[in-house]
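Here is the naming used below: chain letters follow the sequence lines, and residue numbers restart at 1 for every chain.
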Number of protein chains: 2
Amino acid sequence: MTSRPLLPMADQPPAERADAARNREALLRAAVRMVDEGGVATLTMECLAARAGVGKGTVFRRFGSREGLMAQVLDVSERDWQASVLAGPAPLGPGAPPWERLVAFGESRLRTTLLHADLIRAADAHGARSVAAASFMTLHVRHLLTELGVQGDLPLLATALLAPLEVPVLVQQVDVEHLPVERLVAAWVDLASRVVGRGPA
Amino acid sequence: MTSRPLLPMADQPPAERADAARNREALLRAAVRMVDEGGVATLTMECLAARAGVGKGTVFRRFGSREGLMAQVLDVSERDWQASVLAGPAPLGPGAPPWERLVAFGESRLRTTLLHADLIRAADAHGARSVAAASFMTLHVRHLLTELGVQGDLPLLATALLAPLEVPVLVQQVDVEHLPVERLVAAWVDLASRVVGRGPA
DNA sequence: AATGTAAACGGACCACGGTCCGTTTAGTCG
DNA sequence: CGACTAAACGGACCGTGGTCCGTTTACATT
C-alpha cells in the first residue's frame, strides 16, 4: 500500500493541480472577455477553448457544461453585488431600517437582474437555479421580514417576493410589454408593502 | 397578371393546403403520443418525423422549432384547463364569489403547472413565455382583483401573484427543497390574501 | 385534360454541446 | 534522479436542433 498524504489537513479532495488551475483561470478570463465583448451568445465552447489555447475536453473537464461555465462568469459580478448587500452602504447595506433596506434590495435586484439577464439565463439554462445565488437572496429577504415582524410562512413569503424579480418575468415586462422600469419598481414596492402589511416610512 | 382568389372572404393568408394540414395533424398526434409515452425528453425532431412518416424539414416547416411544437402539444391540455376556468363548475369556474375563485385558481394552477412542468419548460425553452397562456392568466387574475375592489397597478399585481406559480420556482420548491404541495398552496393563499388586503370568507 | 405556380416536401448539411479514450504530464516517493 | 500514478489533456466522435435548396405536388385557371 502506498502511504496516503502525510498531512491529512482535512480530507479535501486532493486539491487542484497547478496546470489545471492555470487553465481554469485562463478559460475564465477568456470567457469573461468574450461575454462582454460579443454577448453571451457568441461564446461557444469550442471557440473559447481555442482562444484559451486548450482542447475542448479541458473546458468541459473544468466547468462541466456551458451552464456551469456561465455560472462562474456570472459569479464574478454577482459576488460584488452580494457584498454590497451584506456590507455596502445603506440603505442597501446594513444600517438603514429594515423597510428601507427591503425597498433598496428590491430595486437593486430588479435592475441587476435586467442588466445580466442573458448571462443569468445562460447560467440557469435547464431551469435549475444556481442554489447559491437563490438561497442568498431568500435568506436575506427572510431576515428583513423577520426584523419587520412579519408573521407567516417566512421562507415561502420570501420566495413569493423574489419570484416577480426572476428573469423571464422581468424580460417579458420590459422587452415585450415595454413597461418602464420605474413602474416595475413601484409595483414591487407596493407588493412588498402589502406583504409586510404597511410600508411607507 | 393572374387573377387573385375570386372570393376575397377576408384576406386570410391563403389557407393551408390539404397535404400540409394532414401532415400537421399526423405530426401533432404522434408528438402527443411520444410525450405521454416516454416523456418530453424522448421526443426528438428527427424521430418524430420518422414516426409520422415525413421528412425532418416538414416538421420544422410546420412548427418552426421544437419549442413551437411543444407549445402546440401543451395547448391540447391547456385549452381544457382554460375552459374550466372560464366556464367550468364553481369555484374555479364562474358562480362563486371572487375570493373563492381566486383561491381555487391559485391551487388549480399550481397543481397543473407541476403536472406539466416538463412540457411547459420545453414549450418555453428560451424563456419567452407563450404569450397566449400567460396573458389569459393575467387577465383572469386581474379581473378577479377588480371584482375584489383591489386598488393599485392591477396588471403588475396580477403578474406578481402569478410569478410564484412559474415552473422554475415550483420545481425548485418541490423537487429540490421537498416542500409539500399543500404548504405551497397555503402560502400562495396567504400571499393572495395580503395582496387583496383581507381574505378568508 | 393540359399547364403553370406557389407551396410543401425531404434529406443532406451545418454548428454546437457534450462524451470518450488514448496520450501526456505534474507531482511524489524511494 | 528515475520510476510510478493519478490527474489533466486534446481532439475525434456523437446526437440533436435547425437550415437550405433542388424536387415534387396540390390546386386553380383555361
Consider the side chain of N23(A), meaning its heavy atoms from C-beta on, and name the nucleotide among dA8(D), dA26(D), dA12(C) that approaches it most closely.
-> dA8(D)
Please give, in whole Å, the distance from dA8(D) C1' to R24(A) CZ?
-> 12 Å
Decide if atom CZ of R111(B) counts as having more than 12 heavy atoms of other residues, nucleotides or ligands within a radius under 6.0 Å.
-> yes
Side-chain contact, heavy-atom cut-off 4.5 Å: F63(A) with L48(A)?
-> no
Separation of E16(A) atom CD from dA7(D) atom P, in whole Å?
-> 13 Å
Check whether any side-chain heavy atom of R24(A) lies under 4.5 Å from a side-chain heavy atom of R29(A), and answer yes or no.
-> no
Looking only at side-chain N and O atoms, does T58(B) come under 4.0 Å of OP1 or OP2 in dA8(C)?
-> no
Residue met sooner reading DNA chain C from 5', once G64(A) and R17(A) are mapped to nucleotides | G64(A)
Base, sugar-phosphate, or nothing: which does R66(B) touch, judged by heavy atoms less than 4.0 Å apart?
-> sugar-phosphate
Closest nucleotide of DNA chain D for E46(A) versus for V54(A): which of these residues is on the 5' side?
-> V54(A)
Quickly work out the R61(A) CZ to dA7(D) C1' distance and round it to whole Å.
-> 7 Å
May I ask you to evaluate whether R62(B) reaches the phosphate of dC9(C), defined as a side-chain N or O under 4.0 Å from OP1 or OP2?
-> yes
The answer to which of T44(A) and G57(A) contacts DNA chain C further toward the 5' end, by nearest nucleotide, is T44(A)
Mind checking whether F105(A) and W99(A) have ring centres under 6.0 Å apart?
-> no
Out of dC9(C), dG17(D), dG10(C), which nucleotide sits closest to the side chain of K56(B)?
-> dG17(D)
F60(A) has its side chain closest, among dG18(D), dG18(C), dC27(D), to dG18(C)
What is the distance from CE of M70(B) to C1' of dG17(D), rounded to the nearest Å?
-> 12 Å
Assign each of M45(B) and G55(A) the nucleotide of DNA chain D bearing its closest heavy atom; nearer the 5' end lies the nucleotide of G55(A)
Please report the C-alpha distance between R66(B) and E46(B) in whole Å, then the side-chain angles of each, then the deciding distance to 0.1 Å, and finally whether the salt bridge (charged side-chain N to carboxylate O under 4.0 Å, His left out) criterion is met.
-> CA-CA 11 Å; R66(B) 185 177 139 104; E46(B) 207 148 4; over 6 Å; no
Rounded distance (Å) that lies between atom P of dA6(D) and atom CG of D19(A) | 17 Å
Starting at CZ of R22(B) and ending at P of dA26(D), how long is that distance when rounded to a whole Å?
-> 7 Å
CG of L43(A) versus P of dA15(C): gap in Å, rounded?
-> 17 Å
What is the distance, rounded to the nearest whole Å, between atom CZ of F63(B) and atom C1' of dA8(C)?
-> 14 Å
Given dA8(D), dG10(D), dG18(C), which nucleotide is nearest the side-chain atoms of S65(A)?
-> dG18(C)
